[in-house]
*Asks:* 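The structure is given below, and queries will be raised subsequently.
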Amino acid sequence: MFKTYNLRTFHNNYRKSNIKWTSFFCTREESSTKPKTKTYSHTVLFPKTNFPARSNINKEKIQKTAKFSELYEWQREHLTGPEFILHDGPPYANGALHMGHAVNKIIKDINNRSQILQGNKVHYAPGWDCHGLPIEFKALQKTKSKNEPTDPVQTRQIARSFALETVKSQKEAFESWGIMADWEKQCYLTLDKNYVQSQLRLFYKMYKSGLIYQALKPVYWSPSSRTALAEAELEYDPNFKSKEVYFKFPMEKVPDLVKNVCSDQQIFALIWTTTPWTLVANKAIAYNPSMVYCVAKMSKRSELFLIAKDQIQELERVLDCGISIVVEFEGQHLSSTTYNGLSHTMPLIPGPHVTSGKGTGLVHTAPAHGPDDFVVALNNNITVECNVDEHGRYINLGPDLDGLYVLQEGQETVMKKLRDSIIYEGIFTHSYPLDWRTKKPVILRASHQWFIDTNALKQTALGALDKVAILPPSTADQSRQGFRAQLEKRPYWCISRQRAWGVPIPALYRDKDGTDVWWTCDVKDLIPKKISEKFNCEEITKGKDIMDIWLDSGLSWHTLDRKAHLYSEGVDQLTGWFQASLLTSLALNGEAPYESIFVHGFVVDDKKRKMSKSIGNVIDPKTIIFGDKKNAAYGVDTLRWWVASHSTQHSQIVISKKLLEDCQNEVIRIRNIMKYLLGVISDLEKTDFYKNPTLNFFDRYMVTECHSFVNETNHHYDNFRYNHVAQNVSGLYCHCIKDRLYCSMRNSKERLAAQLVIHTILVSLCKGLGPILPHLIEEVWQYHPLYDEPFFFTKELPVLKPSDVDSSLMEAILDIKRNVILKTKNEHLKKFELNLTINSELYNKLDDLNHTDGINDSVLCEILELSSVRLNNGGENMLVDLTQSKKDQCLRCRKYNAIDNSDKCLRCEKVLAMY
């Protein structure tokens with residue numbers, strides 16, 4: 001029945017032998033010999049059920065009948081197994097859902113439903129991230145026809161309404177996918193008053209512990225959004241084209257050994273940059289004391305240049321000239337040297353970030369526009385001054401530059417003004433950060449921001465991460481390395497944003513007011529009397545920053561009463577929510593907020609391209625389910641089967657019409673399997689399911705396989721190997737016992753045994769496939785004779801119990817059957833009699849299975865599907881001798897065992913005598 005090793009081997013060889021066998025969900029296998037004169041088909045017990053082969057029921061109707069909306073509360077009240085906590089990462093409430101949402105939510109739902117079917121209580125509260133730039137932009141786009149509000153309160157009102165509308169529409173979609181949750185009572189929104197109050201208390205606690213501070217530092221700044229951005233809010237264009245220049249600064253003070261060799265010749269320090277607009281912010285040139293430098297002569301120029309020796313070959317290639325060394329020396333000799341900057345004398349300073357590779361070995365240093373530049377400037381007491389405003393325009397640099405955008409005409413003006421010092425200009429293609437919302441370039445810009453000191457948490461975070469299980473195993477090492485790399489290189493976390501829609505920094509609350517009070521009240525109304533008496537309120541201004549939305553969502557663990565068993569999100573959250581949650585939890589609780597994380601990939605098309613509106617390859621989950629004018633409707637079962645089959649084992653999750661069609665066909669196949677199984681047990685009374693019939697070896701083997709299947713699928717679910725669950729199942733048992741089911745006496749003990757085994761198979765399949773296909777399984781259950789409550793609400797199901805059975809014996813029988821199939825070459829097996837010679841040990845075991853009462857087949861004949869089997873004891877080598885049966889075919893059961901002077905076998909004679 002199930003795809004265990006031995007059965008899979010048999011099944012594959014069975015197909016390879018080209019034997020044409022009917023799938024077990026069809027009616028019955030037709031004989032190649034047609035009935036001679038009579039037909040007894042009206043006496044054959046064919047499977048009968050009203051369960052439709054194609055789903056023609058509205059899924060909303062199934063959800064209502066199966067009480068999808070009540071399941072979450074029911075399992076919380078009735079299940080007694082260990083509680084499993086899956087904490088939901090909040091999606092942005094900023095628009096329509098996409099395939100990434102479908103992958104994420106369905107993966108979580110499959111996990112939760114599998115826990116329930118194992119008897120475990122699940123805690124799962126869906127959340128939404130409701131603040132921040134993405135929502136603010138969408139909200140303002142919605143009102144584009146009107147004047148864009150400049151009043152922050154008006155902006156917040158529009159954004160709040162938009163977020164709540166989006167939450168409502170997304171919630172309806174999640175429910176339509178069958179996602180189990182208490183959608184009315186157990187959701188969290190980061191804009192909720194209680195959530196914000198808790199967030200501010202936690203913010204204050206981190207502030208009091210010294211982890212939060214305000215400082216002037218260079219941060220990623222989006223001129224198009226006019227706000228600071230975190231690393232997680234960037235996306236990189238790998239083919240971004242920047243202007244590159246090699247720029248010369250005249251040296252003023254050089255090392256003595258250079259002066260002795262070069263006498264009075266002018267020497268220039270040569271630097272390389274891809275941000276020429278920052279040249280006007282140059283404050284120093286950094287060098288590496290451990291590198292070897294030289295003064296060199298270029299074949300096409302008269303000047304001498306200070307460069308790193310290791311860079312000569314690269315420079316010769318780029319500048320297309322020969323370079324010869326005049327004098328070389330250790331980098332430490334550059335200590336105390338100076339050069340003429342654009343306005344005054346500036347120093348050369350040591351910098352550990354200076355490396356060989358691209359460039360000259362000397363790094364142009366603009367402290368306001370780079371983290372490494374900033375650090376070395378502070379270490380050398382160099383003033384940090386930013387001359388770029390929030391719009392990305394020059395300020396305080398004079399009439400020639402002020403007001404010009406640094407990434408546009410400002411850069412061109414700088415290059416024109418400094419043309420005489422540029423010895424090479426070109427285009428450099430490289431990976432460059434863009435604002436993830438506007439898709440426009442960002443810059444590094446020093447500004448006063450609020451920060452969390454992640455450097456203080458770094459070692460604790462790395463230690464905590466070592467204790468976190470990362471799934472799935474196929475990508476765990478890569479995910480862990482990526483996570484560690486992000487933690488190791490992150491010195492601080494900028495948590496302030498210059499927008500209106502978010503939680504203000506800091507804020508005071510009154511019970512009757514929300515967060516808008518920060519903008520609507522005067523300062524004197526916000527601070528306690530004892531402080532207002534001490535300070536002049538007229539001299540105090542309110543900060544205009546809001547908190548980073550990653551801080552909003554990163555603190556969502558506070559909605560739980562203990563550590564979550566699991567966080568499950570996309571790979572991008574290694575730099576986002578996974579990290580924000582870990583750092584804030586360590587800062588406040590001293591431990592990670594999760595025991596394990598599951599990291600899934602991105603959805604791509606069949607050409608491995610990310611979903612993009614510009615490419616036109618975006619697929620809407622709604623279109624997959626319901627179809628449209630151009631696309632067929634696949635249904636929610638197909639969507640969920642695709643997620644289970646393809647999303648938990650690959651870093652790129654491919655979706656295509658072909659894959660969806662394959663998934664749809666697989667769902668249809670499963671549906672027909674269920675139809676057949678329901679048909680077999682349809683004539684059983686409810687009391688029959690509680691009987692304990694005598695089971696033969698084949699029956700007991702399949703019951704044991706059923707329980708192994710359930711245990712194995714639970715193990716796959718617990719380890720997110722959903723693709724292993726979404727496998728084919730073998731039709732061995734159902735195919736072999738058709739004769740017993742169709743042609744035995746209706747109430748015979750052998751037929752009842754087979755029916756109850758089929759029922760056990762059906763329940764096992766429902767348990768195994770229910771987490772993936774809850775709509776289909778609940779529909780199946782409604783046609784079951786035992787139906788009373790929905791399947792997920794049915795706690796006790798009467799199934800046959802497993803027993804000890806010799807699985808190696810079944811493997812031996814299947815090995816015999818392979819040999820039989822190869823010899824019969826497409827002939828109907830029931831035509832043949834087998835004379836089998838085997839060794840003594842196997843002979844004794846098979847002999848017990850080859851007994852017959854003269855009416856029914858032996859167990860061995862039933863499995864091998866032969867007319868009869870004769871066993872011979874002798875030798876080590878197995879000998880298979882097949883001969884065609886000399887008996888006529890029974891016109892009722894189609895077996896070749898008709899008794900003399902009759903068109904029926906003895907069994908069928910006895911059955912028909914009862915009609």
*Asks:* Please confirm whether F720 and H600 have ring centers closer than 6.0 angstrom.
*Replies:* no
*Asks:* Using a 4.5 Å cut-off on heavy atoms from C-beta on, say whether the side chain of E778 contacts that of K67.
*Replies:* no
*Asks:* Is there side-chain contact between Q573 and Y567, with at least one heavy-atom pair below 4.5 Å?
*Replies:* no
*Asks:* Treating T454 as the side-chain partner and Y492 as the backbone partner, does any N or O pair qualify as donor plus acceptor under 3.5 Å?
*Replies:* yes
*Asks:* Is the backbone of G554 close enough, under 3.5 Å, to the side chain of T584 for a donor and an acceptor to pair up by distance?
*Replies:* yes
*Asks:* Is E595 atom CD crowded by more than 12 heavy atoms from other residues, nucleotides or ligands, each under 6.0 Å away?
*Replies:* yes
*Asks:* Between atom OG1 of T438 and atom CZ of R226, what is the distance when rounded to the nearest 0.5 Å?
*Replies:* 11.0 Å
*Asks:* May I have the step-by-step check of side-chain contact (heavy atoms from CB on, under 4.5 Å) for I212 and F451, ending in yes or no?
*Replies:* CA-CA 6 Å; I212 290 179; F451 298 91; over 6 Å; no
*Asks:* For R640 and D109, what are the C-alpha separation, side-chain angles and deciding distance, and is it a salt bridge (charged side-chain N to carboxylate O under 4.0 Å, His left out)?
*Replies:* CA-CA 10 Å; R640 292 181 66 106; D109 190 62; 2.7 Å; yes
*Asks:* Whether the side chain of R445 engages the backbone of P223 through a donor-acceptor N/O pair (distance < 3.5 Å, no angle test) should be reported.
*Replies:* no
*Asks:* Tell me whether the centres of the aromatic rings in Y634 and W642 are closer together than 6.0 Å.
*Replies:* no
*Asks:* Are the ring centres of H87 and Y188 closer than 6.0 Å?
*Replies:* yes
*Asks:* Hey, what do you get for CG (L582) to CG (L465), rounding to the nearest 0.5 Å?
*Replies:* 6.5 Å
*Asks:* Drop me the distance from I107's CD1 to N112's CG, to the nearest 0.5 angstrom.
*Replies:* 12.0 Å
*Asks:* Between Y124 and K108, is there a cation-pi geometry (under 6.0 Å to ring centre, at most 45° from the normal)?
*Replies:* no
*Asks:* Side chains of L555 and L588, heavy atoms from C-beta outward: is any pair under 4.5 Å?
*Replies:* yes
*Asks:* Under 3.5 Å, is there a donor-acceptor pair between the side chain of Y195 and the main chain of T559?
*Replies:* no
*Asks:* Is any side-chain heavy atom of S447 closer than 4.5 Å to a side-chain heavy atom of W221?
*Replies:* yes
*Asks:* Would you find a donor on one side and an acceptor on the other, under 3.5 Å apart, between the side chain of S114 and the backbone of Y717?
*Replies:* no
*Asks:* More than 12 non-hydrogen atoms from neighbouring residues, nucleotides or ligands closer than 6.0 Å to OH on Y204, yes or no?
*Replies:* no
*Asks:* When you measure from the side chain of N589 to the backbone N and O of E591, does any donor-acceptor pair fall under 3.5 Å?
*Replies:* no
*Asks:* Would you find a donor on one side and an acceptor on the other, under 3.5 Å apart, between the side chain of R156 and the backbone of A500?
*Replies:* yes
*Asks:* If we ignore hydrogens and angles and just use 3.5 Å, is the side chain of H565 paired with the main-chain N or O of I85 as donor and acceptor?
*Replies:* yes
*Asks:* Taking atom CD1 of I655 and atom CE of M99, what is their separation to the nearest 0.5 Å?
*Replies:* 3.5 Å
*Asks:* Is any side-chain N of the basic residue among E175 and K105 closer than 4.0 Å to the acidic one's carboxylate O?
*Replies:* no
*Asks:* With no hydrogens and no angle check, is any side-chain donor or acceptor of D605 less than 3.5 Å from a backbone partner on S656?
*Replies:* no
*Asks:* Supply the atom-to-atom distance T638 OG1 to L659 CG, rounded to the nearest 0.5 angstrom.
*Replies:* 12.0 Å
*Asks:* Mind listing the closest non-hydrogen atom pair of G178 and R113 along with its distance?
*Replies:* O-NH2, 2.9 Å
*Asks:* Strictly below 4.0 Å, N to O, side chains only: are E235 and K439 in salt-bridge contact?
*Replies:* yes
*Asks:* Would you say that D637 contacts K59 through its side chain, given a criterion of any heavy-atom pair below 4.5 Å between the two side chains?
*Replies:* yes
*Asks:* What is the distance from atom CZ of F578 to atom CG of L487, rounded to the nearest 0.5 Å?
*Replies:* 12.5 Å
*Asks:* side-chain contact (heavy atoms from CB on, under 4.5 Å), that's the test. Do S479 and L574 meet it? Break it down for me.
*Replies:* CA-CA 8 Å; S479 296; L574 291 172; 4.1 Å; yes
*Asks:* Inspect the surroundings of NZ in K622 and state if more than 12 heavy atoms from other residues, nucleotides or ligands are less than 6.0 Å away.
*Replies:* no
*Asks:* Are any of the side-chain heavy atoms of L434 and F240 separated by less than 4.5 Å?
*Replies:* yes
*Asks:* Determine, for E136 against R497, whether the closest basic-nitrogen to carboxylate-oxygen distance falls under 4.0 angstrom.
*Replies:* no
*Asks:* Before giving the answer on side-chain contact (heavy atoms from CB on, under 4.5 Å), spell out for Q579 and W550 the whole-Å C-alpha distance, their side-chain angles and the decisive distance to 0.1 Å.
*Replies:* CA-CA 9 Å; Q579 192 173 150; W550 294 109; over 6 Å; no
*Asks:* Taking side chain as C-beta onward, heavy atoms only, is L566 less than 4.5 Å from Y594?
*Replies:* no
*Asks:* Is any side-chain heavy atom of R160 closer than 4.5 Å to a side-chain heavy atom of W501?
*Replies:* yes
*Asks:* Walk me through it: do W128 and K171 pass the test side-chain contact (heavy atoms from CB on, under 4.5 Å)?
*Replies:* CA-CA 10 Å; W128 274 272; K171 185 187 295 185; 3.9 Å; yes
*Asks:* Say whether, by atom type as modelled, one donor and one acceptor occur between the side chain of Q75 and the main chain of L79 under 3.5 angstrom.
*Replies:* no
